[in-house]
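Quick notes on the structure that follows.
Numbers here simply count residues along the sequence, with the first being 1. Since we're looking at a predicted model, the values are computed, not measured.
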Amino acid sequence: MAAHLKKRVYEEFSKVVQQQQLEEVPSKKLRLTKPSKSAALHIDLCKATTSTDALQYLLQFARKPVEAESVEGVVRILLEHYYKENDKSVRLKIVSLLGLLSQTPGFVPDCIVEDVINLLQNEKSHQVLSQLLDTLLVIGSRLQENLPLRLRLIEIACKRLTDTSHGVRSKCLQMIGCLGSVEKLSTKEAESLAAKDVQKIIGEYFNDQDPRVRTAAIKAMLQLHERGMKLH
C-alpha cells in the first residue's frame, strides 16, 4: 500500500514538473523578412505577361524609395529585363529609372557607366537613345571630378551629333554644354576629340535645319559660359 501511494505521489509530481517546464519555455515567434528591392522587382517583372504589365510594375516601382546599398542590385535586374524587352516604351522607362537611381544619395554611379554605354550600341529607337544619353548626362554630372569619364562621354556625344533625330542631336549638345571641359588640359588629354574646341563643335549647329536643335546649341553655349568658359 505504501509502495502504491509512493508511486502515485511520484507520478503527480512528475506531471507538475513537466507542466512547469512547458510553461517556462518561451514560444518562438516566426520572423518574416521582406525580399530585397531587387528581388521584389525581379518577381514583379517575371509575373508580367505583357509589356503593359511590365510598364505598370515599373511605374509602381518608380514611386518607391530605394536605399543606396540596394541600387546596384536593382540596376542589374533592370538591365537584365532591358535586353529581353521588345517594347520600346518599356525600355524607355527602364532607362529613365537608371537615370533616377543614379541620383540616389550615397550611391556612386561609376559602377554602372559601362552598362549604360553598352546599351547605346544596339538601340534603334531614337527616343530610347535620347533617354540613354540623358542618363549618361546625369551620371557625368554626378561625377564631374572624373575628367577621363567626362571626356569619354563628350566623345560619345560628338559621334552621335550626326544622328537623324533632332532629339538625339539636341541631347548630345546638352551633354557637351554640361560636361565639356572648361579647364586647361594636359597634352595627352588635349589629343582627345572631346578636348577639341567644344565651342566650335556647338557653333556648327547654330544653323541646323531643325529649330529645336538650334535652340539646344544656343543653350549649350550659354551653359559653357556659365561654367566659366570665355566665349570667342
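- Looking only at side-chain heavy atoms (C-beta outward), Val95 and Val116 stay at 4.5 Å or farther from each other.
- Counting only heavy atoms from C-beta outward, the side chains of Leu45 and Leu58 approach each other to under 4.5 Å.
- With rounding to the nearest 0.5 Å, the separation of CG in Leu97 from NZ in Lys93 is 5.0 Å.
- With rounding to the nearest 0.5 Å, the separation of NE2 in His225 from CD in Gln223 is 11.0 Å.
- Met221 and Val198 fall within the same hydrophobic cluster, where Ile, Leu, Val, Met, Phe, Trp and Tyr residues are linked whenever their side-chain heavy atoms come under 4.5 Å apart, directly or through other members.
- Under the 4.5 Å side-chain contact rule for hydrophobic residues, Leu98 and Leu100 share a cluster.
- Interatomic distance, CZ of Phe206 versus OG1 of Thr215, reported as 10.5 Å (0.5 Å rounding).
- Between Leu224 and Arg227, some side-chain heavy-atom pair lies under the 4.5 Å cut-off.
- The CG atom of Asp210 sits 11.0 Å away from atom OG1 of Thr164, with the distance rounded to the nearest 0.5 Å.
- When all heavy atoms are compared, the tightest approach of Pro105 to Ala68 is O-CB, 3.5 Å.
- When side chains are defined from C-beta on, Leu173 counts as touching Tyr205, because their heavy atoms get closer than 4.5 Å.
- When all heavy atoms of Ile176 and Cys158 are compared, the closest pair comes out as CD1-SG, 4.0 Å.
- Not a single donor-acceptor pair under 3.5 Å links the side chain of Arg169 to the backbone N or O of Ala216.
- Checked by atom type and distance alone, the side chain of Arg150 never pairs as donor or acceptor with a backbone atom of Glu145 at under 3.5 Å.
- Atom-to-atom distance recorded for His126:NE2 and Ser165:OG is 5.0 Å, nearest 0.5 angstrom.
- Remark: the backbone N or O of Ser170 is not paired with any side-chain donor or acceptor of Gln174 at under 3.5 angstrom.
- Note on Val74: it clusters hydrophobically with Leu59, by side-chain heavy-atom contacts below 4.5 Å among ILVMFWY residues.
- Looking only at side-chain heavy atoms (C-beta outward), Val66 and Phe107 stay at 4.5 Å or farther from each other.
- Looking only at distances, no side-chain donor or acceptor of Arg160 sits under 3.5 Å from a matching main-chain atom of Lys171.
- When side chains are defined from C-beta on, Ile201 counts as touching Leu161, because their heavy atoms get closer than 4.5 Å.
- Here Lys219 contributes atom NZ and Glu226 contributes atom CD; the two are 11.5 Å apart, rounded to the nearest 0.5 Å.
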Donor-acceptor pairs under 3.5 Å, side chain of residues 75-84 to any protein atom, not counting sequence neighbours: which ones?
residue: Arg76; atom: NH1; partner: Asp115; partner atom: OD1; Å: 3.3
residue: Arg76; atom: NH1; partner: Asp115; partner atom: OD2; Å: 2.6
residue: Arg76; atom: NH2; partner: Glu72; partner atom: OE2; Å: 3.3
residue: Arg76; atom: NH2; partner: Cys111; partner atom: O; Å: 3.3
residue: Arg76; atom: NH2; partner: Asp115; partner atom: OD2; Å: 3.3
residue: Glu80; atom: OE2; partner: Lys84; partner atom: NZ; Å: 3.3
residue: His81; atom: NE2; partner: Glu85; partner atom: OE1; Å: 3.3
residue: Tyr82; atom: OH; partner: Glu123; partner atom: OE1; Å: 2.4

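- Remark: the backbone N or O of Ser130 is not paired with any side-chain donor or acceptor of Asp134 at under 3.5 angstrom.
- Shortest non-hydrogen contact noted between Pro109 and Arg142 is CG-CB, 4.0 Å.
- Cluster annotation: Val90 and Leu120 are assigned to the same hydrophobic cluster (Ile/Leu/Val/Met/Phe/Trp/Tyr, side-chain heavy-atom contacts under 4.5 Å, transitive).
- With Gln131 as the partner, the side chain to side chain contact (heavy atoms under 4.5 Å, CB included) test is satisfied by one option alone out of Leu136, Ile94, Leu92, Leu119: Leu92.
- Heavy-atom minimum distance, Ile139 versus Ser102: CG1-OG, 3.6 Å.
- Under the salt bridge (charged side-chain N to carboxylate O under 4.0 Å, His left out) criterion, Asp53 pairs with no residue at all, not counting sequence neighbours.
- The residues Lys200 and Glu204 are annotated as not salt-bridged, no charged nitrogen and carboxylate oxygen being separated by less than 4.0 angstrom.
- Residues Cys178 and Leu137 share a closest heavy-atom pair of CB-CD1, 3.7 Å.
- Ile112 and Leu129 fall within a single hydrophobic cluster, where Ile, Leu, Val, Met, Phe, Trp and Tyr side chains are chained together by heavy-atom contacts under 4.5 Å.
- Scanning all heavy atoms of the two residues, the minimum distance from Gly180 to Ile154 falls at N-CD1, 3.6 Å.
- The shortest distance between side-chain heavy atoms of Leu149 and Leu179 does not fall below 4.5 Å.
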